[in-house]
Amino acid sequence: MKLRWSRTLTLLPALALALGFASAPAAAADAPTVRSGWNDFSCKPSAAHPRPVVLVHGTLGNSVDNWLGLAPYLVARGYCVFSLDYGQLPGVPLFHGLGPIDASAGQLATYVDRVLAATGTDKVDLVGHSQGGMMARVYLKFHGGAGKVNALVGLAPDNHGTDLDGLTRLLDHFPGAKQYLSKLTPGLTDQIVGSDVLNRLNAGGDTVPGVHYTVIATKYDEVVTPYRSGYLDGPDVHNVLLQDLCPVDLSEHVAIGIADPVAFHETANALDPAHATRTTCLNG
């Protein structure tokens with residue numbers, strides 16, 4: 001009984017983290033497929049939208065479920081849109097983004113190169129939800145992405161980590177919990193405030209030259225806490241609070257990435273600032 005209780009105490013923080021980071025719908029394929037016109041590698045960018053858009057899902061998401069709203073939205077506006085699966089763990093289908101973030105950034109690097117080769121373009125635009133918005137910065141800084149990316153849009157990204165409203169601090173009170181969690185799901189502990197990955201990523205400044213950054217946050221974020229930890233500081237950064245655009249928007253961490261038309265409109269503005277229009281509640 002004592003051993004069982006000890007293991008339960010060790011698992012509780014992991015469970016709290018896992019439940020907090022996403023509630024992805026259980027559907028769709030385990031690999032990128034052509035859905036509503038996206039992940040079509042025969043797509044050639046137009047003069048109006050000359051760069052392909054690569055969508056980077058969040059923790060426990062995948063290349064399809066995370067983008068059932070935004071991908072068709074962008075395709076309908078004339079973009080070539082692609083999405084990848086990353087951070088897979090052996091024997092865990094559909095729920096990705098759990099592997100080491102540095103390795104996931106390497107997967108993103110390989111995928112971007114594939115998209116560039118297929119579309120014949122020199123640069124892509126990236127849109128990342130949650131971990132996807134932060135992990136993309138690891139790609140930019142450490143995996144050669146800076147010269148291949150024009151813009152990065154983060155939807156509720158955890159750029160400076162999260163404390164899950166203080167829950168992560170409880171890990172120190174359970175001997176072995178953090179080590180267990182790091183071994184089992186390193187993609188989770190890499191996102192905790194003060195992790196080695198985040199310290200390296202944010203040392204020397206939040207941005208790299210030549211990339212345009214947009215962060216779209218929500219004050220109702222229950223995962224990236226405080227929500228301002230997603231904001232970036234730099235010479236080419238636009239930090240946006242969803243409720244400044246639409247005060248009655250109640251979207252939280254998951255909804256801002258998968259279903260919020262106000263966030264989608266602001267994303268489209270960030271991808272094509274020359275033709276941006278005012279984002280309001282009526283955009284939905």
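Note that the numbering runs from 1 along the sequence shown for the chain.
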Write down the atom of [X], the atom of [Y], and the distance for their closest heavy-atom approach.
| X | Y | value |
| --- | --- | --- |
| L155 | I256 | CD1-O, 4.1 Å |
| V112 | Y139 | CG1-OH, 3.3 Å |
| T119 | C43 | CG2-O, 3.7 Å |
| N159 | G230 | ND2-O, 2.6 Å |
| V224 | T162 | CA-OG1, 3.7 Å |
| F95 | L60 | CD2-O, 3.3 Å |

If we only count heavy atoms from C-beta on, is the [X] to [Y] side-chain gap below 4.5 Å?
| X | Y | answer |
| --- | --- | --- |
| P235 | P209 | no |
| N239 | Y213 | no |
| M135 | Y86 | yes |
| S83 | N39 | yes |
| T121 | R51 | no |
| L108 | V54 | yes |

Given the rule that I, L, V, M, F, W and Y join up when any side-chain heavy atoms are under 4.5 Å apart, are V223 and L250 in one cluster?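 No; L250 is not reachable from V223 via cluster members.
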Do the ring planes of H129 and W67 sit parallel (below 30°), tilted (30 to 60°) or perpendicular (above 60°)?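 Geometry flag for W67 against H129: perpendicular rings.
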Has the side chain of [X] got a donor or acceptor atom that lies under 3.5 Å from a matching backbone atom of [Y]?
| X | Y | result |
| --- | --- | --- |
| N199 | G194 | yes |
| T218 | S251 | yes |
| T185 | L98 | no |
| E252 | A255 | yes |
| D190 | V197 | no |
| D125 | A151 | yes |
| K44 | A118 | yes |
| N202 | L198 | yes |
| T110 | G106 | yes |
| E222 | H253 | yes |

Give me each pair satisfying salt bridge (Lys or Arg N to Asp or Glu O under 4.0 Å) with a member in residues 138-152, each pair once, sequence neighbours excluded.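 Salt bridge (Lys or Arg N to Asp or Glu O under 4.0 Å) check on residues 138-152 returns D113-K148.
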Under a 3.5 Å threshold, yes or no: a donor from one side chain and an acceptor from the other, between [X] and [Y]?
| X | Y | value |
| --- | --- | --- |
| N269 | T279 | yes |
| D206 | H160 | yes |
| T277 | H265 | yes |
| N62 | D85 | no |
| H143 | D102 | yes |

Dump the intermediate steps for side chain to side chain contact (heavy atoms under 4.5 Å, CB included) on V254 and I258, then the final yes or no. CA-CA 6 Å; V254 176; I258 68 173; 3.6 Å; yes
Verify the neighbour count for atom CG of D233: are there more than 12 heavy atoms of other residues, nucleotides or ligands below 6.0 Å?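 No, because the 6.0 Å sphere around CG of D233 holds 12 heavy atoms or fewer from other groups.
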Mark yes when over 12 heavy atoms from residues, nucleotides or ligands other than R228 sit less than 6.0 Å from its CZ; otherwise mark no.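 Counting other residues, nucleotides and ligands, CZ of R228 stays at 12 neighbours or fewer.
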Side chain to side chain contact (heavy atoms under 4.5 Å, CB included) between H238 and E266, intermediate numbers included: CA-CA 11 Å; H238 182 45; E266 190 64 11; 3.8 Å; yes
Is the ring centre of Y227 less than 6.0 Å from the ring centre of Y220?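 No.
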Using side chain to side chain contact (heavy atoms under 4.5 Å, CB included), reason through R114 and L84 one step at a time and then give a plain yes or no. CA-CA 11 Å; R114 180 186 174 197; L84 78 156; over 6 Å; no
Tell me which donor-acceptor pairs under 3.5 Å the side chains of residues 69-79 have, and how far apart each pair is, sequence neighbours excluded?
| from | atom 1 | to | atom 2 | distance (Å) |
| --- | --- | --- | --- | --- |
| R77 | NH1 | Y73 | O | 2.9 |
| Y79 | OH | H49 | ND1 | 3.2 |

Determine whether V153 and I216 satisfy the following criterion, side chain to side chain contact (heavy atoms under 4.5 Å, CB included), listing intermediate values before the conclusion. CA-CA 8 Å; V153 182; I216 305 173; 4.2 Å; yes
